[in-house]
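Data block below; observations after.
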Amino acid sequence: MSEPVVTRFAPSPTGFLHIGGARTALFNWLYARAKGGTMLLRIEDTDRERSTQAAIDAILDGLSWLGIEWDGETIYQFARAERHREVAEELLAAGRAYRCYASPEELAEMRESARREGRAKLYDGRWRDRDPAEAPAGIKPVIRLKAPLDGETAIEDLVQGRVTWQNRDLDDLVLLRSDGTPTYMLAVVVDDHDMRVTHVIRGDDHLTNAARQTHIYDAMGWSVPAFAHIPLIHGPDGAKLSKRHGALGVDAYRAMGYLPAALRNYLVRLGWSHGDQEIFSTEEMIAAFDVSRIGRSAARFDFAKLESLNGHYMRNTADAELLAALEGALPYLPDGPDVAAKLDAPLRAKLLAAMPGLKDRAKTLIDLITGAAFVLAERPIPIDDKARALLTPEAQTLLAKLADAFEAVEPWSVEALEQTVRAHAEDAGLKLGQVAQPLRAALTGKTTSPGIFDVLVVLGRTESVGRMRDQGRVAAVA
RNA sequence: GCGCCCAUCGUCUAGCGGUCUAGGACGUCGCCCUUUCACGGCGAAAACAGGGGUUCGAGUCCCCUUGGGCGCGCCA
């Protein structure tokens, strides 16, 4: 009965896809999926000076890493400039727009006096009804919209509610620049209309634009789409999260070892809620999502929560799948390429075996690599200071004896190993921990690791005994 | 300066006039589990910005103040 939902994500390729843009894309995508509609992607590349192919690639790459897929062909706004110009001419012909010959200096003056006199409207409309015959020679005009002078303009925002402006505060915006290129305001309206966009979901930094864009829709006699202006994401300090303030691109989150599913889950809960639910599978998100549940206040970005969520997702990912995710992320992670270079079938098998113990202790894929260092290390393995301190002469003696015992343990299993170690500890009058810690130090070079018997099993008899002998010492020598 | 938006624990949020002595999650702090570290379990501290209304009754509605944000380009 009602028309199918069409949303769009419309980034300008002047930088990477930052976290706010990623969430906007996510919301557009979720809404379209939730309503059985489509999400379109439009690259707003009309600023020829600042748009770059690198930025376009980064945005596309970021979206696909996040698992956000758009429908249909990517639309490039600049390619539609001719159509935008047409609409401007149409408006001009219909008397809904006019040529303005004001110079930059005049404009600056107008702005200054408006500000001085406390007026909202910056451009005074001096060419609005002026005879074109008075046009100064040799000056290329811009085309401005004849915006309504009185009354008010309102939008029924799906998130913000009814928002109203007095038309006397809104001036005649430029549609076409003096060089004949369309402005953003014109291009957005024409494209959204031509693309049959039904729902414009974007950051609330565009809220004021909605009023002015409404004027263009009205002038063309087009129906205005539904707006949903979502609150912005701020940095931990409450200031705007933007490129200028050190915000990160989504590629940075990939490089920090976050899983796309975790980032999606974190992002969806920033501004949107579904009762007390914190964890959402993609299917659940789609089923539960609605713009009416989006809050109106800005949120601060909290790395601690993202990290916690990421840990949750890692623990709940099957070992093989997590290993695959790790391998896929290796090219982007610090030291990742080194790991990738030495990753062969036997090593992969060891990592897989170690994964249950590793993933419980990791919040990010970087943690996973750090934790897996003992698997990756080659004899003689590096021993850190805290581990070194554990390797006292007594401990070294113990390790040597234990190594002898390990030669004979059958089978090489957690159970058999534990039995052997406990027996040794008892004989020596030591607690299990007093034996386990030096053992851990010799085997992993650290004071923390997965369960020590799991470590032994993952490493195998030869490697384990070898590492123990590297650190061990027979009593007679000491 | 002008316009618009926002305001519940440190953070993300639940709350849609009475069930709120305000719930959940992250973080913090205890305790338990324990071979380390995690994980897990249990528990604690922690918020309705302030002031006026409306109402029998306000975190929930209205107004003001304060605080924050966004916008005000021939950028997008």
By the 4.0 Å heavy-atom rule, please label [X] as base, sugar-phosphate, or nothing.
X	answer
R168(A)	nothing
V174(A)	sugar-phosphate
H229(A)	nothing
T164(A)	sugar-phosphate
A441(A)	nothing

Does a salt bridge link [X] with [Y], judged by any charged N lying under 4.0 Å from a carboxylate O?
X	Y	value
R42(A)	E44(A)	yes
E90(A)	R96(A)	no
D205(A)	R202(A)	no
K140(A)	D179(A)	no
K363(A)	E307(A)	no

Kindly give the atom pairs (protein nitrogen or oxygen, nucleotide nitrogen or oxygen) under 3.5 Å for nucleotides 19-22 of chain B.
none

Using both distances under 3.5 Å as the test, list the Watson-Crick or G-U wobble partner of [N], or none.
N	answer
G18(B)	C56(B)
A49(B)	U65(B)
C26(B)	G10(B)
G3(B)	C70(B)
A38(B)	none

Inter-nucleotide [atom1] distance ([N], [M]), Å rounded:
N	M	atom1	answer
C12(B)	A7(B)	P	12 Å
U60(B)	C2(B)	P	29 Å
C48(B)	G43(B)	P	24 Å
G1(B)	U65(B)	P	13 Å
C6(B)	C62(B)	P	10 Å
A58(B)	G51(B)	P	14 Å
C74(B)	C64(B)	P	33 Å
U54(B)	C61(B)	C1'	8 Å

(message) Surrounding CD of E49(A) (heavy atoms of other residues, nucleotides or ligands, distance under 6.0 Å), is the total greater than 12?
(response) no

Interatomic distance, [X] [atom1] vs [N] [atom2] [rounded to whole Å]:
X	N	atom1	atom2	value
D171(A)	C72(B)	CG	C1'	8 Å
D204(A)	C72(B)	CG	P	13 Å
L107(A)	C74(B)	CG	C1'	8 Å
D157(A)	C70(B)	CG	C1'	14 Å
I230(A)	G69(B)	CD1	P	19 Å
E109(A)	G73(B)	CD	C1'	17 Å
N209(A)	G73(B)	CG	P	11 Å
R42(A)	A76(B)	CZ	P	13 Å

Do any N or O atoms of the protein come closer than 3.5 Å to N or O atoms of nucleotides 9-13 of chain B, and which pairs are they?
from: C12(B); atom 1: OP1; to: R300(A); atom 2: N; distance (Å): 2.9
from: C12(B); atom 1: O2'; to: R269(A); atom 2: O; distance (Å): 2.8
from: C12(B); atom 1: O2; to: K305(A); atom 2: NZ; distance (Å): 3.3
from: U13(B); atom 1: OP1; to: G271(A); atom 2: N; distance (Å): 2.4
from: U13(B); atom 1: O3'; to: S273(A); atom 2: OG; distance (Å): 3.3

(request) Evaluate the ring planes of F303(A) and F301(A), with Trp represented by its six-membered ring, and classify them as parallel (under 30°), tilted (30 to 60°) or perpendicular (over 60°). (result) perpendicular

(request) Specify whether W272(A) and F289(A) have parallel, tilted or perpendicular ring planes, treating 30° as the upper limit for parallel and 60° as the lower limit for perpendicular. (result) tilted

(message) Less than 4.5 Å apart, side chain to side chain, heavy atoms only: is that true for F374(A) and L358(A)?
(response)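 Contact flag for F374(A)/L358(A) side chains = yes.
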
(message) What I want to check is whether an N or O donor and acceptor connect the side chain of S178(A) with the base of C74(B) at under 3.5 Å.
(response)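 Looking at the base of C74(B), it does pair with a donor or acceptor on the side chain of S178(A) (distance under 3.5 Å).
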
(message) On RNA chain B, does the nearest nucleotide to D179(A) precede the nearest nucleotide to W165(A) from the 5' side, or the other way round? Give the residue.
(response)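 With D179(A) and W165(A) compared, the 5'-side residue is W165(A).
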
(message) Need to verify one output field. Residue with the more 5' nearest nucleotide on RNA chain B, R116(A) or P182(A)?
(response) R116(A)

(message) If we check side chain to side chain contact (heavy atoms under 4.5 Å, CB included) with M314(A), which of these qualifies: L309(A), L322(A), D360(A)?
(response) L322(A)

(request) Step through it carefully: locate the ring centre of H18(A), locate the ring centre of F16(A), and say whether they are under 6.0 Å apart. (result) no

(message) Just checking Y31(A) against H199(A), ring centres under 6.0 Å apart?
(response) yes

(request) Kindly point out which of A76(B), A7(B), G71(B) is positioned nearest to the side chain of D205(A)? (result) G71(B)

(request) Taking only the side-chain heavy atoms of L122(A) (C-beta and beyond), determine which of A76(B), G73(B), A7(B) contains the nearest atom. (result)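 Closest nucleotide among those given: G73(B).
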
(request) Verify the distance criterion only: is there a donor paired with an acceptor across the side chains of H424(A) and D427(A) at less than 3.5 Å? (result)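 There is no such pair (donor and acceptor under 3.5 Å, judged by atom type) between the side chains of H424(A) and D427(A).
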
(message) Can you confirm whether the side chains of T153(A) and N167(A) place a donor and an acceptor under 3.5 Å from each other?
(response) yes

(message) It should be established whether T46(A) places a side-chain nitrogen or oxygen under 4.0 Å from OP1 or OP2 of nucleotide A76(B).
(response)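 Yes, T46(A) has a side-chain N/O under 4.0 Å of OP1/OP2 on A76(B).
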
(request) For a side chain to side chain donor-acceptor pair (under 3.5 Å) with H84(A), tell me which candidate from T181(A), T46(A), D194(A), D191(A) qualifies. (result)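 So, applying the side chain to side chain donor-acceptor pair (under 3.5 Å) to H84(A) and each of T181(A), T46(A), D194(A), D191(A), only D191(A) qualifies.
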
(message) Return a single string for nucleotides 31-41 of chain B, one symbol per nucleotide in 5' to 3' order, where B is base contact, S is sugar-phosphate-only contact and - is none, cutoff 4.0 angstrom on heavy atoms.
(response) ----BBBBSS-

